Chemist: 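Have a look at this one before I ask anything.
All heavy atoms count here, side chains included; hydrogens, waters and symmetry mates do not. Please read all numbers here as calculations on a predicted model, not as lab measurements. In what follows, every chain begins at residue 1, and chains take the letters A, B, ... in the order their sequences are listed.
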2 protein chains.
Amino acid sequence: MNETTVGGMKFVLDLSQPLYEQVLAQVRSSIAKGEIALGEKIPSVREMAQGLKINPNTVMRAYQELERDQLTETRRGQGTFITTDSEKVRTIRYRLAEEAVDEFLAKLGSLGFTASEVAAILRSKGGEAR
Amino acid sequence: MNETTVGGMKFVLDLSQPLYEQVLAQVRSSIAKGEIALGEKIPSVREMAQGLKINPNTVMRAYQELERDQLTETRRGQGTFITTDSEKVRTIRYRLAEEAVDEFLAKLGSLGFTASEVAAILRSKGGEAR
DNA sequence: TAAGTGTATTATATCACTTAATACACATAG
DNA sequence: CTATGTGTATTAAGTGATATAATACACTTA
């Protein structure tokens, strides 16, 4: 596993997905899990780019999407900071969860599984989400 | 909704995903749900391409993946037919379901949801998968 | 003033996807 | 045998998203 740590956050990047989406998802995950404190500064665009060995523009793209979701606030000349509003984090977290659920149910629905079948499958694997 | 019907199967294509994947998924869905009978012939590559207004090569790509999964058998000069082996269909159906479950649990796990939380969310929306 | 922030711009390269145009091998109806 | 309809292969071209590179500018702080 090609694992890198930048600013206290772990990153695993591959080529199966756009890099900016992976960076976005993994920073967001750190925020959602509370692995990074509210109000805390995250690495600068250039730092992150160097640490991950990718282009600053690619990091920028991820950072801008974080700000669009109001998970971060950027202060010109200072850096990018996690929001101090815990309600924002909660909201985004549940929004993303709901999207995942909808997509999941749609996919299983298209395969002809009923709700109770889905529940049964999940019960047999449910131990995996901590 | 840009809906088209070809060979008794409904198709909705958009630009959010590769066309060949959408065709693949929607034919597969028809098979999994039993909307199309085992052994039945599906539209020829050219027919399907014309009906969906896409390139024959794109349809080919979808059809070849169906055959690789052994959901179809192709007979040169005759056409493409749904497998007569119901066990094959069952197998693929569960494989796809399992993949979807794993992906889903991984995603919610990365958002810091526990198994019981996932179960709770699903219970509140479970009515949607038939 | 210098160094470190976010941000914008322009250019280039690469890759997946899609289309287009042909051509070939095979099966079947006439 | 011929015509038509199958799957299949090949080559070429175009498009769009992604990523990199190089540079510049506005702002903050030590």
Chemist: Is any side-chain heavy atom of A/Leu19 less than 4.5 Å from a side-chain heavy atom of A/Leu52?
Modeler: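 No, their side chains stay 4.5 Å or more apart.
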Chemist: Determine the sole option in A/Glu65, A/Arg61, A/Gln64 for which the side chain to side chain donor-acceptor pair (under 3.5 Å) test with A/Tyr20 is passed.
Modeler: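 Between A/Tyr20 and the candidates, side chain to side chain donor-acceptor pair (under 3.5 Å) is satisfied uniquely by A/Arg61.
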Chemist: Using only side-chain N and O atoms of B/Tyr20, determine if any of them is under 4.0 Å from OP1 or OP2 of C/dC17.
Modeler: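 The answer is yes; a side-chain N or O of B/Tyr20 sits under 4.0 Å from OP1 or OP2.
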Chemist: Check whether any side-chain nitrogen or oxygen of A/Ser44 sits under 4.0 Å from OP1 or OP2 of C/dG4, and answer yes or no.
Modeler: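 Answer no for this pair, as no side-chain N or O of A/Ser44 is under 4.0 Å from OP1 or OP2.
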Chemist: For A/Lys10, is there an ion pair with A/Glu35 - N to carboxylate O distance below 4.0 angstrom?
Modeler: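 Looking at A/Glu35 and A/Lys10, the cut-off is not met.
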Chemist: Does CD belonging to B/Glu21 count more than 12 external heavy atoms closer than 6.0 Å?
Modeler: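 More than 12 within 6.0 Å, yes.
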Chemist: Expressed as a whole number of angstroms, how long is the span from A/Leu15:CG to D/dA19:P?
Modeler: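 It works out to 9 Å between those atoms.
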Chemist: Considering only D/dT20, C/dT19, C/dA27, which nucleotide approaches the side chain of B/Thr58 most closely?
Modeler: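 Comparing D/dT20, C/dT19, C/dA27 against the side chain of B/Thr58, the answer is C/dT19.
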Chemist: What's the closest nucleotide to the B/Ile54 side chain, out of C/dT19, D/dT20, D/dT28?
Modeler: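 Closest of the options to the side chain of B/Ile54: C/dT19.
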Chemist: Considering only side-chain heavy atoms of A/Pro18, which listed nucleotide, C/dT18, C/dG6, D/dT18, is closest?
Modeler: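 Nearest listed nucleotide: D/dT18.
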Chemist: Write down the distance between CG (A/Leu19) and P (C/dT14), rounded to a whole number of angstrom.
Modeler: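 It works out to 16 Å between those atoms.
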Chemist: Figure out the CG/P separation between A/Leu52 and D/dA19, and round it to whole Å.
Modeler: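 From A/Leu52 CG to D/dA19 P: 12 Å.
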Chemist: Is A/Thr80 close enough to C/dG6 that one of its side-chain N or O atoms is under 4.0 Å from OP1 or OP2 there?
Modeler: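 Yes.
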Chemist: Over how many whole Å does the gap from B/Glu65 atom CD to C/dA16 atom P extend?
Modeler: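 Rounding to the nearest Å, CD of B/Glu65 and P of C/dA16 are 15 Å apart.
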Chemist: May I have the distance from A/Arg68 (atom CZ) to C/dT7 (atom P), rounded to whole angstrom?
Modeler: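 In whole Å, C/dT7 P and A/Arg68 CZ are 11 Å from each other.
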Chemist: Answer yes or no: does a side-chain N or O of B/Arg75 lie under 4.0 Å from OP1 or OP2 of C/dA27?
Modeler: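 Looking at the OP1 and OP2 atoms of C/dA27, neither is under 4.0 Å from any side-chain N or O of B/Arg75.
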Chemist: Could you check B/Asn55 against B/Arg46 and say which one's nearest nucleotide on DNA chain C is further toward the 5' end?
Modeler: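 The 5'-side residue here is B/Asn55.
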Chemist: State which of D/dT29, D/dT6, C/dG6 makes the closest approach to the side chain of A/Met60.
Modeler: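 The listed nucleotide nearest to A/Met60's side chain is C/dG6.
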Chemist: Mind calculating the distance between NZ (B/Lys53) and P (C/dT18) to the nearest angstrom?
Modeler: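 It is 17 Å, rounded to the nearest whole Å.
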Chemist: So, is A/Gln78 near the phosphate of D/dT29, with a side-chain N or O under 4.0 Å from OP1 or OP2?
Modeler: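 Result: yes.
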Chemist: Whether B/Gln64 contacts D/dA9 is assessed here as follows: a side-chain N or O lying under 4.0 Å from the phosphate OP1 or OP2. Is that the case?
Modeler: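 So the side-chain polar atoms of B/Gln64 do come within 4.0 Å of the phosphate oxygens OP1 or OP2 of D/dA9, strictly under.
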Chemist: At under 4.0 Å between heavy atoms, what does B/Arg61 touch on the DNA or RNA strands: base, sugar-phosphate, or nothing?
Modeler: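 Result for B/Arg61 = sugar-phosphate.
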Chemist: Can you see if the side chain of A/Thr74 gets near the phosphate of C/dT5 - specifically, an N or O under 4.0 Å from OP1 or OP2?
Modeler: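 Negative; the distance criterion is not met.
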Chemist: Quick one: OG1 on B/Thr91 to CD on B/Glu87, what's the gap to the nearest 0.5 Å?
Modeler: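 If we round to the nearest 0.5 Å, B/Thr91:OG1 and B/Glu87:CD are 4.5 Å apart.
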Chemist: Mind checking if A/Glu47 touches a base, just sugar-phosphate, or nothing, with heavy atoms under 4.0 Å?
Modeler: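 Sugar-phosphate contact only - A/Glu47 comes under 4.0 Å of backbone atoms but never of a base.
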Chemist: So does A/Leu111 get a backbone contact from the side chain of B/Arg93, meaning a donor-acceptor N/O pair under 3.5 Å?
Modeler: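 It does hold such a pair.
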Chemist: How long is the line joining CZ of A/Arg76 and C1' of D/dC25, in whole Å?
Modeler: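 A/Arg76 atom CZ is separated from D/dC25 atom C1' by 8 Å.
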Chemist: I need the CG-P distance between A/Asn57 and C/dA8, as an integer number of Å.
Modeler: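 Checked: the CG to P distance equals 11 Å.
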